[in-house]
Amino acid sequence: MRVLTFLHSFEPGGVERVALRLVRHWRAMGIDARLFLGREEGALRAELADDLVYAVPSRPSIGTARWETLWMIARLPAEIRRTRPDVLFVSGSTYTIVAAAMMLRFGRRCPAIVVKISNDMARRDLPPVSRFLWRRWLGLQARFAWTWVIMDEAMAEDLPARMKASFQVIHDPAIEEVRIRAPACRRTDTPRRFVAIGRLAAQKDYPLMLRAFARGARAGDTLTIYGDGPDRAELEALAARLGLAARVDFAGHMPDAASQLPGFDTLLLSSRYEGVPAVLIEALAAGLSVISTDSGSGVRSVLGDGRFGAIVRRDEAALATAIADLDAVPPLHAGRHAHLHRFTIERSAGTYLDTFLDAARGEKSWAPLPSKIDELAWPVPPTR
């Protein structure tokens, strides 16, 4: 079986990180797992793909970062014809528009498409009109006869009716089994070490986290934020205005930031919406306590509806109270190890392959389709 995974770039993101780890794991299992990149830039290249074979198209001199979705739609067909995959793996919700374009482009000759839904579908953070439009967009996607993968059973209730006919639960493979650690004893006589990991962008709502930390942190408490993004300068300025410049460390992108977690006490998550955030799983595996905003059904499920970590409403006062009263954070539950085992790559990688096999059973015979688009497309070089 041949599986083709495509990504815009190696820019850091949870979807991209998991996709690269899955490709590596599938190849180790002997699967012909191909990887296609729109461009090679991004910190994840050195972290996860330095020795990974992948294909990348030649690019125009003007660059493609600002129109990477259109670029992928233009370039992916040539790679599909060249590699003739049995399955096209769509590793996150942001790539569904590319999958739709491939379906329209190839019609019945399109490889089987398996889509992983990576974000919260209810989007209760949106105002009513935007939420209505979001639901209409989901309903439109549901008309495609794809296999849909959701990362937790709790997400099923938010699926449009058409998606419910063809979905599979495969838990987010965020960790390896060896990373699950026994929780460390909580320290009560020293300043607390808080940590957050994520792209510095609007979805993560770091302004809420900083304001809550300013209100709820005790003397000497520190917050380290791993990640980079377009909002960094604005967030650093906000931290200075709140008097936190000496207590909040914007550490930037850190390769394998999860490996740094054992050096902290508590992970903070302040997102407006999430699917099944890998960082929560990584923090629980590292033995940390967790405080998170109620940002989706996946968050509630990962934290066991409050058994494995504190879940607060997306409100500055509520988050500040949880930070101030850290002793009120629920202790890690006795069933934590079994709960976390669901999110290991050792378990999920094989389940993905079973899903791919099922999806590929309706595959049509391959025959290249003549198209004027092909004549205008940029050439795809041999796989690196």
Salt-bridge contact [X]-[Y] (side-chain N to carboxylate O under 4.0 Å):
| X | Y | value |
| --- | --- | --- |
| Glu282 | Arg17 | no |
| Asp265 | Arg192 | no |
| Glu176 | Arg21 | yes |

Supply the atom-to-atom distance [X] [atom1] to [Y] [atom2], rounded to the nearest 0.5 angstrom.
| X | Y | atom1 | atom2 | result |
| --- | --- | --- | --- | --- |
| Lys204 | Ile225 | NZ | CD1 | 13.0 Å |
| Leu88 | Glu79 | CG | CD | 10.5 Å |
| Asp221 | Thr190 | CG | OG1 | 9.0 Å |
| Lys116 | Tyr352 | NZ | OH | 5.0 Å |
| Leu44 | Leu7 | CG | CG | 9.0 Å |

Tell me every residue that passes side-chain hydrogen bond (donor to acceptor under 3.5 Å, both in side chains) with Asp231, counting only those two or more places apart in sequence or in another chain. none
Considering the options Phe213, Phe264, Tyr226, which one meets the ring pair (Phe, Tyr, Trp, His ring centres under 6.0 Å) requirement together with Phe194? Phe213
So, the side chain of [X] versus the backbone of [Y]: is there a donor-acceptor pair under 3.5 Å, distance only?
| X | Y | answer |
| --- | --- | --- |
| Asp315 | Ala317 | yes |
| Trp71 | Ala65 | no |
| Arg336 | Phe308 | no |
| Arg27 | Val53 | yes |
| Arg218 | Ala324 | yes |
| Arg232 | Phe250 | yes |
| Glu47 | Asp256 | yes |
| Thr64 | Pro60 | no |
| Ser270 | Thr293 | no |
| Ser301 | Gly298 | no |

Does one hydrophobic cluster hold both [X] and [Y], with members joined at side-chain heavy-atom distances below 4.5 Å?
| X | Y | value |
| --- | --- | --- |
| Met29 | Ile170 | yes |
| Ile281 | Val178 | no |
| Tyr273 | Phe132 | no |

Holding to side-chain contact (heavy atoms from CB on, under 4.5 Å), I want the full list of residues that pass it with Arg300, two or more places apart in sequence or in another chain. Arg124, Asp294, Ser297, Asp305, Ile311
Grab the two heavy atoms, one from [X] and one from [Y], that are nearest each other, plus how far apart they are.
| X | Y | answer |
| --- | --- | --- |
| Ala360 | Val87 | CB-CG2, 4.0 Å |
| Ile97 | Ile73 | O-CD1, 4.4 Å |
| Ser348 | His171 | OG-O, 2.6 Å |
| His341 | Ile180 | N-CD1, 4.3 Å |
| Val56 | Arg39 | CG2-CA, 4.0 Å |
| Ala359 | Ala112 | O-CB, 3.3 Å |

Kindly state whether the ring of Tyr54 and the ring of Phe10 have centres lying under 6.0 angstrom apart. yes
Side-chain cluster (under 4.5 Å, hydrophobic types only) that Leu104 belongs to, other residues: none
Using 30° and 60° as the class limits, which term best fits the ring planes of Trp146 and Trp148: parallel, tilted or perpendicular? tilted
Does a side chain donor of either Glu177 or His337 reach within less than 3.5 Å of an acceptor in the other side chain? yes
Among pairs that include at least one residue of residues 237-253, which meet salt bridge (Lys or Arg N to Asp or Glu O under 4.0 Å), considering only residues two or more places apart or in two chains? none
Decide yes or no on side chain to side chain contact (heavy atoms under 4.5 Å, CB included) for Ile175 and Thr344, but give the supporting numbers first. CA-CA 5 Å; Ile175 54 174; Thr344 59; 4.1 Å; yes
Any side-chain heavy-atom pair from Phe343 and Met151 closer than 4.5 angstrom? no
Test side chain to side chain contact (heavy atoms under 4.5 Å, CB included) applied to Leu303 and Leu284, step by step: CA-CA 9 Å; Leu303 296 180; Leu284 293 177; 4.1 Å; yes
Those residues that, when tested against Arg342, pass salt bridge (Lys or Arg N to Asp or Glu O under 4.0 Å) (two or more places apart): Asp152, Glu153
By salt bridge (Lys or Arg N to Asp or Glu O under 4.0 Å), Glu16 pairs with (sequence neighbours left out) none
